[in-house]
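As a basis for the values below, the full set of heavy atoms in this structure was taken, side chains included, without hydrogen atoms, waters or symmetry mates. In what follows, every chain begins at residue 1, and chains take the letters A, B, ... in the order their sequences are listed.
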Amino acid sequence: MQNNLFIYNSLSKKKELFIPLHEPFVGLYVCGPTVYSNAHLGHARPAILFDLLDRYLLHLGYKVRYVRNITDVGHLEDENAGEGEDRITKKARQEKLEPMEVVQKYLNTYHKNLEQLNTLPPSIEPRASGHIIEQQELIKEILDKGFAYVVNGSVYFDVLKYNGKYNYGKLSGRILEDLQSNTRVLDGQDEKRNSFDFALWKKAAPEHIMKWPSPWSIGFPGWHLECSAMSTKYLGEEFDIHGGGMDLMFPHHECEIAQSTAAHGKESVRYWIHNNMITINGQKMARSLGNFITLDQLFSGDHPMLLQPYSPMTIRFFILQAHYRSTVDFSNEALQAAEKGLQKLMKAVSTLNKLKAADSSAFDTEKLKEKCYEALNDDLNSPVLLSHLFEAVKFINSVSDGNEKIDEAGLKAIKELFNTFIFGILGLKDETKGKEDEHLTGELINIIVDLRQDAKNRKEWDVSDKIRQTLKELGIVIKDRKDGADWERE
RNA sequence: GGUCGGUUAACCGAGUGGCUAGGUAGCGGUCUGCAAAACCGUUUACGGCGGUUCGAAUCCGCCACCGACCUCCA
């Protein structure tokens with residue numbers, strides 16, 4: 001199997017040719033959300049980027065195992081000793097729910113939203129709470145190798161010792177001395193040998209709800225452990241691609257690298273891919289900043305900053321129109337432009353299906369196809385891919401207007417091309433189709449009911465009865481009222 | 001303060017040392033009974049100052065501004 005896909009590896013900071021470890025299999029691990037509130041626009045970005053990657057790899061013929069975790073154990077709200085309460089527990093207390101009810105509630109909307117965005121589901125969606133044993137096993141391994149220490153029932157990763165043998169900070173470009181001098185001094189860290197050490201296992205306070213027994217204490221796993229444990233379980237000690245948002249690079253992914261390397265004695269991830277942030281008024285959109293717009297709000301238009309609702313495909317197109325390593329700034333103007341652009345593309349698809357073949361063609365579909373692959377192979381450059389597709393749109397419209405010609409073969413090729421790239425790889429779909437048909441049907445029935453009323457007015461009862469009967473057979477019931485007639489579906 | 005990244009026309013957003021990205025909006029035209037759509041043409045660009053080069057928005061340096069990470073975060 002051959003490909004020419006170059007992806008930007010955050011670890012080497014270079015575009016590298018993608019070569020999977022065990023062809024034709026590809027292992028892809030992506031950090032999913034912590035489910036304690038509704039998914040917002042920012043969550044859509046990695047979902048769509050890695051869906052694009054998943055779809056493209058599948059298209060190239062790889063067998064992809066796509067693992068995307070759900071963090072349902074929660075992270076500490078603040079690190080001050082004793083006051084730390086994890087976000088899920090906090091939400092559970094606020095909403096008077098079981099922690100797992102909180103998790104389920106927001107996991108359900110997350111799934112619904114991602115389906116609306118037309119992302120393919122991952123192959124495995126493991127949850128942190130379901131892998132406590134695996135996480136404990138990993139802690140034991142790290143302890144055995146001497147890269148962790150136990151204090152008062154908690155286990156901490158010994159960064160300094162790790163850094164003596166390996167290189168802590170290689171992904172995010174941190175230097176340990178800098179970290180030492182720059183890290184804020186926080187209270188309650190006296191258990192740690194160094195401020196940059198991080199917890200693998202935390203002893204739980206008595207009032208803590210989510211806790212499990214372990215050799216060290218009744219407690220809960222550390223913040224970064226789940227990804228190391230679950231990626232190893234489902235993809236192996238070494239696997240191809242690990243993805244996530246740029247904001248996770250440090251400390252989350254850095255700690256993951258340290259944990260896995262400490263336990264297995266080797267690097268686990270071959271290609272790190274990080275998507276950039278979505279900003280709003282130039283600032284990162286984040287739950288903790290309170291400046292987010294949820295996907296449900298975008299789809300319904302129910303948010304003070306939204307001038308109108310935006311459909312899931314508009315959001316998808318909007319995100320695909322920017323390269324994943326750039327920030328994208330939210331604005332109504334930009335989303336409206338995306339909406340129009342998507343409409344233009346979809347309209348061209350239906351125009352294409354109506355085109356008549358001529359005996360000659362002035363369009364080089366082979367060349368276009370090449371350029372499309374080139375764009376994707378160049379670090380998944382979806383905006384450039386779209387710009388190439390719009391060249392074809394222009395040509396299709398010209399043919400439709402009679403200014404250009406396309407032959408049978410060209411027509412077939414361009415249909416295939418559109419099908420592959422627009423629907424198959426970019427994962428777009430025509431949202432107007434169903435709605436239009438629905439609407440059209442309604443209007444057609446209105447006309448028929450109107451004509452029946454005319455017949456009734458002329459006392460042409462056989463005609464009006466025939467219409468009523470025929471419609472009934474189709475499941476449309478006419479209800480005569482004093483001033484005209486209504487209809488409804490059975 | 002440390003590390004990293006960004007600054008492209010009205011808006012969004014690509015980009016290679018020399019060749020019109022693309023989308024949206026605007027303007028003019030073609031088509032059309034009217035309108036819409038479509039098509040053709042078209043106006044505002046590469047933060048500032050230097051340097052390298054025959055030539056730089058693209059490479060280098062300095063400056064300005066913005067942002068991300070350094071705490072949970074997609």
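To the nearest angstrom, P of B:A25 lies 4 Å from NZ of A:K340. Distance, A:Y168 OH to B:C70 P: 11 Å, rounded to whole Å. In this entry the distance linking CD of A:Q283 with P of B:C65 reads 18 Å, nearest Å. Taking atom CG of residue A:D401 and atom P of nucleotide B:G41, one finds them 14 Å apart after rounding to whole Å. Rounded to whole Å, the distance from CZ on A:F330 to C1' on B:G67 is 19 Å. Atom CD of A:E125 is separated from atom P of B:A74 by 14 Å (rounded to the nearest Å). Atom NE2 in A:H323 sits about 19 Å away from atom P in B:A21, given to the nearest Å. Taking atom CZ of A:F250 as the reference point, atom P of B:C4 lies 14 Å away to the nearest angstrom.
If you take OG1 on A:T71 and CG on A:L107, they are separated by 11.0 Å, rounding to the nearest 0.5 Å.
Nearest to the side chain of A:K347, among B:G23, B:A74, B:A37, sits B:A37. Counting only heavy atoms from C-beta on, A:P251 has its side chain closest to B:U71 among B:C39, B:A14, B:U71. Taking the side chain of A:D247 as heavy atoms from C-beta on, and the options B:A38, B:A14, B:C73, the nearest nucleotide is B:C73. In this structure, of B:A14, B:G23, B:C40, it is B:A14 that holds the atom nearest to the side chain of A:V384. Listed nucleotides: B:A14, B:U24, B:C69. Nearest to the side chain of A:A322: B:A14.
Judged by atom type and distance alone, A:R87 reaches the base of B:C72 through a side-chain donor-acceptor pair under 3.5 Å.
For A:H43, the ring-ring contact (aromatic ring centres under 6.0 Å, His included) partners two or more places apart in sequence, or in a different chain, are A:H40. With sequence neighbours left out, the side chain to side chain contact (heavy atoms under 4.5 Å, CB included) criterion links A:S260 to A:S228, A:H264, A:S268. In this view, A:D240 satisfies the side chain to side chain donor-acceptor pair (under 3.5 Å) rule with no residue, not counting sequence neighbours.
As rounded to the nearest Å, B:U52 and B:G13 have P atoms that lie 35 Å from one another. If you take atom P in B:A25 and the same atom in B:C12, they sit 15 Å apart, rounded to whole Å. Across B:G17 and B:G22, the matching C1' atoms stand 22 Å from one another, rounded to whole Å. Annotation: B:U24 and B:C19 have their C1' atoms spaced 26 Å apart (nearest Å). B:A74 and B:G15 are spaced 27 Å apart, taking the P atom of each and rounding to whole Å. Annotation: B:C65 and B:G48 have their P atoms spaced 15 Å apart (nearest Å). The same atom, P, is picked in B:G23 and in B:A37; the two are 15 Å apart, to the nearest Å. To the nearest whole angstrom, the two C1' atoms, one in B:A35 and one in B:C31, are 13 Å apart.
A sub-4.0 Å separation between OP1 or OP2 of B:A37 and a side-chain N or O of A:T351 is absent. In this structure, A:N276 does not reach the B:A74 phosphate: none of its side-chain N or O atoms is under 4.0 Å from OP1 or OP2. Contact between the side-chain N/O atoms of A:N275 and the OP1/OP2 oxygens of B:A74 is not found at any separation under 4.0 Å.
Counting non-hydrogen atoms under 4.0 angstrom, A:S326 reaches the backbone sugars and phosphates but no base. Using a 4.0 Å heavy-atom criterion, one finds that A:I278 contacts the bases of the nucleic acid, with or without backbone contacts as well. Note on A:G42: a base of the nucleic acid sits closer than 4.0 angstrom, heavy atoms only. The residue A:P383 sits close to a base: some heavy atom pair falls under 4.0 Å. Residue contacts shown for A:H388 are absent, as no nucleic acid heavy atom lies under 4.0 Å away. At a threshold of 4.0 angstrom between heavy atoms, the contacts of A:M277 include nucleobase atoms, whether or not backbone atoms are also involved. Within the 4.0 angstrom heavy-atom criterion, only backbone atoms of the sugar-phosphate kind lie near A:V328; the bases stay farther away.
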Going by atom type alone, with no hydrogens or angles, which donor-acceptor pairs under 3.5 Å involve a side-chain atom of residues 276-283 of chain A and a protein atom two or more places apart or on another chain?
residue: A:N276; atom: ND2; partner: A:R325; partner atom: O; Å: 2.9
residue: A:T279; atom: OG1; partner: A:V328; partner atom: O; Å: 3.3
residue: A:T279; atom: OG1; partner: A:D329; partner atom: OD1; Å: 2.5

Give every donor-acceptor pair under 3.5 Å between a side-chain atom in residues 333-347 of chain A and any protein atom, sequence neighbours left out.
residue: A:Q336; atom: NE2; partner: A:Q308; partner atom: OE1; Å: 3.1
residue: A:E339; atom: OE1; partner: A:Q308; partner atom: NE2; Å: 3.2
residue: A:E339; atom: OE2; partner: A:Q308; partner atom: NE2; Å: 3.4

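Taking all atoms of both residues into account, the shortest heavy-atom contact from A:E254 to A:S172 is OE1-OG, 2.5 Å.
The closest donor-acceptor contact from the side chain of A:R65 to the backbone of A:L28 lies at 3.5 Å or more, if one exists at all.
Annotation: cation-pi pair A:R287/A:Y36 present, NZ/CZ under 6.0 Å from the ring centroid and within 45° of its normal. In this structure, A:R174 is positioned above the aromatic face of A:F250, its NZ or CZ under 6.0 Å from the six-membered ring centre and within 45° of the axis.
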Discussion item. Dot-bracket, 5' to 3', for RNA chain B please: Watson-Crick or G-U pairs under 3.5 Å, [ ] where pairs cross earlier ones, | where the partner sits on another strand, dots elsewhere.
Written reply: (((((((..(((.....[...))).(((((.......)))))....(((((..]....))))))))))))....

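Positionally, the nearest nucleotide of RNA chain B for A:L342 lies more toward the 5' end than for the other of A:K284 and A:L342. Comparing A:S288 and A:S331, the nucleotide of RNA chain B nearest to each residue sits closer to the 5' end for A:S331.
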